[in-house]
Each structure stands twice: as C-alpha cells, then as structure tokens.
Amino acid sequence: MTENQRIAELIFGKLNKSADDYEIEYPAIELKEGQRITRIAPSPTGYLHLGVLFTALINRRTADATDGMFYLRIEDTDAKREVDGGMADIINGLVHFGVNIDEGYVSPTETKGNYGPYKQSERGDIYHVYVKKLMEEGYAYPCFCTEQKLADNRTIQESNKERTGYYGKYAFCRNLSFDEIKAKIDNGMPYVVRLRSPGDENRRITFDDGIKGKIEMPENDEDFVLLKSDGIPTYHFAHAVDDHLMRTTHVIRGDEWISSVPKHIQLFKLLGFKVPKYCHVSPIMKEENGSKRKLSKRKDPEAAVHFYAEQGYPADSVTEYLLTIANSDFEDWRRANSSLLNKEFKLNLKKMSVSGALFDIVKLNDVSKNVISKFTAERVVSELLEWAKKYDTDYYALLSRDIEFTKNIFNIDRDTPKPRKDIAKWNEAKEYSAYFFDELYHNNYELPEKLNASHAINILTEYLSVYDENDSKEEWFNKIKEICPKCNFCPDVKEYKKNPNSYNGHVGDAATIIRVAITGRTNSPDLCSIMALIGSEKVLKRINDAIAHFKEV
Ligand code: GLU
C-alpha cells in the first residue's frame with residue numbers, strides 16, 4: 001500500500017462499492033448524434049426565482065430541440081440554508097410554468113429514472129467512493145486547519161497584497177504524513193478533505209462556452225474543499241460526480257458559476273470523466289435610472305415566480321415572454337407561425353444574449369395580451385376560475401354562479417380574425433367584466449367632450465322607444481341610425497365629417513352615449529352582444545338610471 005492509499009483507508013475505511021461499480025450501475029446512455037441530456041439542479045434554499053425558471057426553460061428546450069432528456073436534481077447540501085417547502089415550491093412552479101420534467105424529481109414526492117438518487121443528501125456513499133479514489137491517487141488530502149487559521153491566513157495574504165485562498169505555500173496540510181494525520185484524527189481533530197491541485201496559475205485553460213463562446217482563464221491551483229467536515233460534499237465536487245454519473249451532456253446554468261469552471265474542468269479530468277459542454281446563462285437584468293442591474297430577489301417582486309401566479313399571468317404567457325428574451329428571433333418566428341404552440345420553436349443557445357436580457361413588464365403584458373387573445377372562451381374561463389378560486393374568492397363566486405353566462409362574457413369579439421387584446425392577466429378580468437355583474441358595475445356617466453347631458457337624454461329617450469332585446473346586430477345598429485335625425489345626430493359618419501358643425505354628433509357618438517349608460521365606459525367590446533347578454537331588465541334599468549342622472553346635471 002502506498003502512503004496515499006493508507007491515508008485513504010484511514011479516512012474512509014472499506015467502502016462497499018468502487019467507482020467501477022458505479023460506471024456499471026449508471027451506464028453511459030446511447031445517444032443519437034447531437035442528442036442532449038440537460039438538467040436543472042436547484043438548491044431548496046428559497047422559493048422559485050425567475051432566473052431559475054428561465055434557466056430551466058432553456059435546459060428543457062435545449063433537450064427538446066434534439067429529442068433529448070431533461071431531469072431535475074435537488075442540490076440540498078446546505079441544510080442550514082434550506083427553506084421549508086422550498087423544494088415543493090420550485091418543482092411545482094416549474095411544472096406549472098410549462099417546464100415538464102422527464103426524470104429525477106418529476107413532482108415533489110415522485111422520482112423517475114435509473115440514475116438516482118436525485119437528491120444529493122442521499123448520495124453520500126457515492127461521493128465518498130470518488131473522494132477516496134482521488135485520495136488514493138494523491139489528489140486529495142485531509143485538512144485540519146481551523147476557521148481561525150484560515151481567517152488569519154487571509155489577513156496575511158491581504159496585507160501582502162497576495163491572492164487569498166488555500167494554495168501553494170498556504171496549503172498548510174498538503175504534505176502531512178500518514179502518521180501526522182493519524183495522530184490528529186486520534187486526537188479527535190475535525191477535518192475537511194481538500195483537492196491536492198496539480199494546477200498552476202500561470203498556465204491557462206480555454207473552453208468553448210455554448211452561449212458565451214471561447215473563454216480563457218488561469219488554471220486552478222487552489223486546494224479547494226471537496227468534503228466538508230460533516231462528510232457532505234461541496235457544490236464543486238457533487239457537480240462533477242453527479243453530472244458525470246447522471247450522464248449530463250450540457251451543463252446549462254447561471255453565469256455566477258463561470259469563474260468556477262477551471263475547478264470543475266480540473267475535477268472532471270482528475271476523476272477520469274468526460275467534461276460536459278458548459279453553457280452559462282446571463283442573468284435577467286432590470287433597467288433602473290438608466291443603468292442595468294441584475295433582477296434582485298430582495299428588491300424586485302417580479303423576481304419571484306409567485307408574482308406571476310398571483311397576478312394571474314397564464315403559464316403560456318410567461319413561457320412566451322421568457323422565450324422572447326431568450327432568443328431574439330423568437331418574435332419573428334411567432335409572427336410567422338402565429339397558430340403554432342411555442343414548443344415548436346427550436347431554441348438556439350448561440351442566439352442567447354451574452355450581456356443579459358432586459359426584463360420589461362410592459363412587454364410581458366403585450367405578449368400576454370396576445371397569448372390570451374388566442375385562447376378559446378372555454379380556456380379563458382377555466383384558467384380564470386382556477387386563478388380566482390385562489391386569489392379572489394368573491395369574484396370566483398360571481399363567475400361560477402352561471403358558467404354559461406361567464407363563458408359568453410369572454411366569448412364576445414373572441415372568435416374573430418382580430419380578437420381584442422384587453423386582458424394581460426387574470427387580475428384584470430374583474431374590471432374588464434364588471435358591467436356584466438350588478439355587484440361590480442359602477443355607473444360612470446362621463447361623456448366625450450363634444451357631447452352633453454341634453455344630447456344624452458335625447459338619444460337615450462329615443463332609443464328606449466325603439467329598443468327590442470331580440471334585435472339582431474344589424475337591426476340594433478339600424479335603430480341607432482334611425483333615431484339620429486330626431487336628435488340632430490348624423491346617421492352617416494362621412495356625411496357628418498363634411499359638416500360637423502351642423503350636427504350634435506354622428507351615429508358612433510349616439511352609440512357611445514348608449515355604451516356609457518350600459519357599461520360606464522366609452523370603449524367596450526361589441527355593445528350589441530353585451531346588451532343581449534345582460535338582458536332587457538338590466539338594459540332598461542341602466543338606461544333609465546342614466547336618463548335620471550343626466551336630468552339632474
Ligand atoms: N445548485 C446550484 C444552484 O442552485 C446549481 C448550479 C448548477 O446548475 O450546476 O446554483
């Protein structure tokens with residue numbers, strides 16, 4: 001036995017399995033040319049963040065573009081920072097927003113696939129096998145330095161204007177002998193396991209990032225920690241072991257990890273693993289006072305994915321919007337393929353923004369209005385009810401009182417080549433539909449400037465005398481035309497424009513007066529359909545109330 005093997009044996013004892021066993025247990029997956037295996041590997045240290053949803057979507061669509069596979073692994077090596085319910089929130093949120101998961105945790109309680117366990121806290125035995133292997137080969141060693149010693153070391157390095165860290169002459173435990181190590185362990189001294197880095201900071205590594213292109217960095221010469229004193233691996237080490245054994249081909253992750261790539265490539269090589277393709281996603285940015293900054297979990301409510309659920313953005317809208325900021329050609333694709341599902345769009349990593357896409361809520365609202373405008377009334381009602389049940393129970397009660405009526409509200413002007421784009425999110429639906437429900441309707445008798453109360457009284461009184469709730473759209477409009485001359489309104493808009501001073505208004509203005517009386521607004525979907533839907537009782541009452549109001553002013 002070599003000295004290194006003796007140290008490894010001292011630290012880990014006999015382990016049940018070897019690295020070779022794991023190669024057999026988790027065999028390489030036969031992939032078709034170009035096929036990709038991607039993953040999202042969230043830490044349950046908080047709730048689902050837009051950046052994680054974005055990265056997960058990029059991973060999902062990258063796998064889809066090659067008929068590949070996307071899985072979810074839970075990285076729970078930091079128990080202290082874990083948040084109750086964080087894992088369920090993340091997984092449910094991803095699934096809700098259209099990122100379906102093929103393997104790993106497909107729901108908070110269910111896993112699929114043969115490459116698990118998919119939670120790092122259940123993979124302790126596996127990590128130990130690989131650390132032991134590195135130690136036997138001389139690439140890892142136990143380190144007994146205390147927190148205090150490390151802090152003092154940092155102070156010295158800072159005052160010497162040197163790079164901080166555990167490397168070179170500052171890697172104090174690097175050359176401890178078996179006997180020295182044994183004595184410390186026998187004394188009960190706690191220790192971590194560090195990499196014995198063969199790297200040299202004067203040499204450089206290059207790699208071709210799938211999003212950012214060629215990147216060059218100094219080699220890693222730091223003896224960074226592989227196993228913490230409780231035997232739990234660090235992110236760096238777990239990443240290498242897990243992404244190898246789970247056969248990830250593309251590691252697509254946030255670019256806060258880009259500076260760690262030299263460590264990761266080094267680990268993959270020392271462990272004898274094929275290095276995956278790294279793709280670093282730039283963070284979503286926000287413009288503030290003319291400059292760009294990262295969307296912040298603390299400062300920006302829209303950074304939390306809950307925000308979108310609460311406001312009632314359909315999942316599809318959020319996905320479409322994220323695709324818009326992911327690939328600049330998505331919008332052109334969407335214009336050319338307006339009826340296709342966005343799943344058909346082939347995401348291209350090379351077309352992702354390197355500097356960070358800018359988050360723009362106005363744009364999100366536009367995208368969402370467009371998405372909702374293409375929904376059938378059934379879909380609107382089903383998504384709206386689901387939202388209202390959770391976030392506005394009074395409105396839910398109104399909507400579910402008569403589902404057919406509710407469906408008809410949202411069907412007005414929907415089935416047309418140019419459907420209206422009034423609603424961006426479900427929390428706007430209540431205001432949009434208010435005049436259909438007496439409980440929500442607020443009269444507002446504000447007329448456009450050129451019209452006054454006496455015009456309104458005339459038009460409404462005349463209209464009452466001809467109104468018939470069974471009128472077709474054509475009859476309805478003809479009647480409004482018919483009453484125009486009696487009130488000195490012009491039944492023909494073109495005619496009116498030739499001589500506006502001779503009239504009080506035109507047929508459109510007459511309709512506006514009726515619209516204001518019925519809906520409290522100067523702009524609404526098709527008024528004839530609205531009147532037909534709310535029925536004669538409400539129509540008559542609202543017109544009479546309006547006449548009474550205008551008589552008082
Ligand atoms: N657990 C890491 C994180 O949440 C994952 C990074 C990765 O995708 O490798 O940042």
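What you see is a predicted model; the values in this text were computed from it and never measured.
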Go through it in stages, so that I can follow the logic: the residues are Lys133 and Asp20, the test is salt bridge (Lys or Arg N to Asp or Glu O under 4.0 Å), and I'd like the CA-CA distance, side-chain angles, deciding distance and then a yes or no.
CA-CA 11 Å; Lys133 180 168 179 278; Asp20 289 340; over 6 Å; no
Less than 4.0 angstrom from a charged side-chain N to a carboxylate O is my criterion; do [X] and [Y] meet it?
| X | Y | result |
| --- | --- | --- |
| Arg60 | Asp102 | yes |
| Lys294 | Glu288 | no |
| Arg335 | Asp332 | yes |
| Arg73 | Glu75 | yes |
| Glu9 | Lys14 | yes |

[Y] and [X] aromatic ring geometry - parallel, tilted or perpendicular at 30°/60° bounds:
| X | Y | value |
| --- | --- | --- |
| His128 | Phe12 | tilted |
| His264 | Tyr235 | perpendicular |
| Trp257 | His236 | perpendicular |

For [X] and [Y], work out which heavy atoms get closest and say how close.
| X | Y | value |
| --- | --- | --- |
| Asn327 | Asn348 | OD1-N, 2.8 Å |
| Val193 | Ala140 | CG1-CB, 4.0 Å |
| Ser229 | Val192 | N-CG1, 3.7 Å |
| Val362 | Asp360 | N-OD1, 3.0 Å |
| Ile372 | Lys425 | CD1-N, 4.1 Å |

Taking the side chain as every heavy atom from C-beta outward, state whether [X] and [Y] have any atom pair closer than 4.5 Å.
| X | Y | answer |
| --- | --- | --- |
| Lys149 | Phe144 | no |
| Leu322 | Phe97 | no |
| Tyr139 | Asn4 | no |
| Ile11 | Ile185 | yes |
| Asp329 | Phe345 | yes |
| Thr234 | Thr77 | no |
| Leu195 | Gln266 | yes |
| Leu245 | Arg123 | yes |

Whether the side chain of [X] engages the backbone of [Y] through a donor-acceptor N/O pair (distance < 3.5 Å, no angle test) should be reported.
| X | Y | answer |
| --- | --- | --- |
| Glu219 | Asp200 | yes |
| Asp89 | Gly85 | no |
| Gln35 | Leu31 | no |
| Tyr26 | Gly116 | yes |
| Thr393 | Tyr396 | no |
| Ser107 | Glu110 | yes |
| Ser296 | Lys299 | yes |
| Lys374 | Ser338 | yes |
| Thr249 | Ile37 | yes |

Could you tell me whether [X] atom [atom1] has more than 12 heavy atoms of other residues or ligands within 6.0 Å of it?
| X | atom1 | answer |
| --- | --- | --- |
| Asn160 | CG | yes |
| Asp84 | CG | no |
| Lys269 | NZ | no |
| Glu147 | CD | no |
| Asn187 | CG | yes |
| Glu386 | CD | no |
| Arg81 | CZ | no |
| Lys277 | NZ | yes |

Results of side-chain hydrogen bond (donor to acceptor under 3.5 Å, both in side chains) for Lys274 - residues two or more places apart only:
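Counting only residues at least two positions away or on another chain, Lys274 forms no side-chain hydrogen bond (donor to acceptor under 3.5 Å, both in side chains).
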Which residues share a side-chain hydrogen bond (donor to acceptor under 3.5 Å, both in side chains) with Arg61, sequence neighbours left out
Asn342
With a 6.0 Å cut-off on the ring centroids, do [X] and [Y] count as close?
| X | Y | value |
| --- | --- | --- |
| Phe307 | Tyr47 | no |
| Phe268 | His239 | yes |
| Tyr130 | Phe273 | yes |

Does NZ or CZ of Lys184 come closer than 6.0 Å to the centre of the six-membered ring of Tyr191, within 45° of the ring's axis?
no
Compute both the distance and the angle, then confirm whether Arg194 meets the cation-pi test with Tyr166: under 6.0 Å from the six-membered ring centre, within 45 degrees of the axis.
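That pair qualifies as a cation-pi contact.
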Flag for Lys32-Thr66: side-chain donor and acceptor within less than 3.5 Å:
no
Looking only at side-chain N and O atoms, does Thr164 offer a donor or acceptor that is under 3.5 Å from a partner on Tyr170?
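No - no donor-acceptor pair under 3.5 Å links their side chains.
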Could you go through Asp243 and Arg253, starting from their C-alpha distance and side-chain angles, then the distance that decides it, and tell me whether this counts as salt bridge (Lys or Arg N to Asp or Glu O under 4.0 Å)?
CA-CA 12 Å; Asp243 279 309; Arg253 62 185 177 185; over 6 Å; no
What residue among Leu295, Leu358, Ile325 forms side chain to side chain contact (heavy atoms under 4.5 Å, CB included) with Met285?
Leu358
In Met1, Arg6, Gln5, the residue satisfying side chain to side chain contact (heavy atoms under 4.5 Å, CB included) with Phe178 is Arg6
Walk me through whether Asp242 and Tyr127 qualify under side chain to side chain donor-acceptor pair (under 3.5 Å).
CA-CA 9 Å; Asp242 293 347; Tyr127 303 126; 2.8 Å; yes
Taking only residues two or more places apart in sequence or in another chain, which ones pass salt bridge (charged side-chain N to carboxylate O under 4.0 Å, His left out) with Asp366?
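Checked Asp366 against salt bridge (charged side-chain N to carboxylate O under 4.0 Å, His left out); zero matches.
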Show the numbers, then the answer: is there a salt bridge (Lys or Arg N to Asp or Glu O under 4.0 Å) between Lys17 and Asp125?
CA-CA 8 Å; Lys17 284 190 180 165; Asp125 293 349; over 6 Å; no
Under the criterion side chain to side chain donor-acceptor pair (under 3.5 Å), I'd like the reasoning laid out for Asn365 against Tyr313: C-alpha separation, chi angles, the key distance, then a yes or no.
CA-CA 9 Å; Asn365 288 340; Tyr313 286 100; 2.6 Å; yes
Mind running salt bridge (Lys or Arg N to Asp or Glu O under 4.0 Å) on Glu331 and Arg334 for me, showing each step along the way?
CA-CA 5 Å; Glu331 285 184 87; Arg334 177 41 90 211; over 6 Å; no
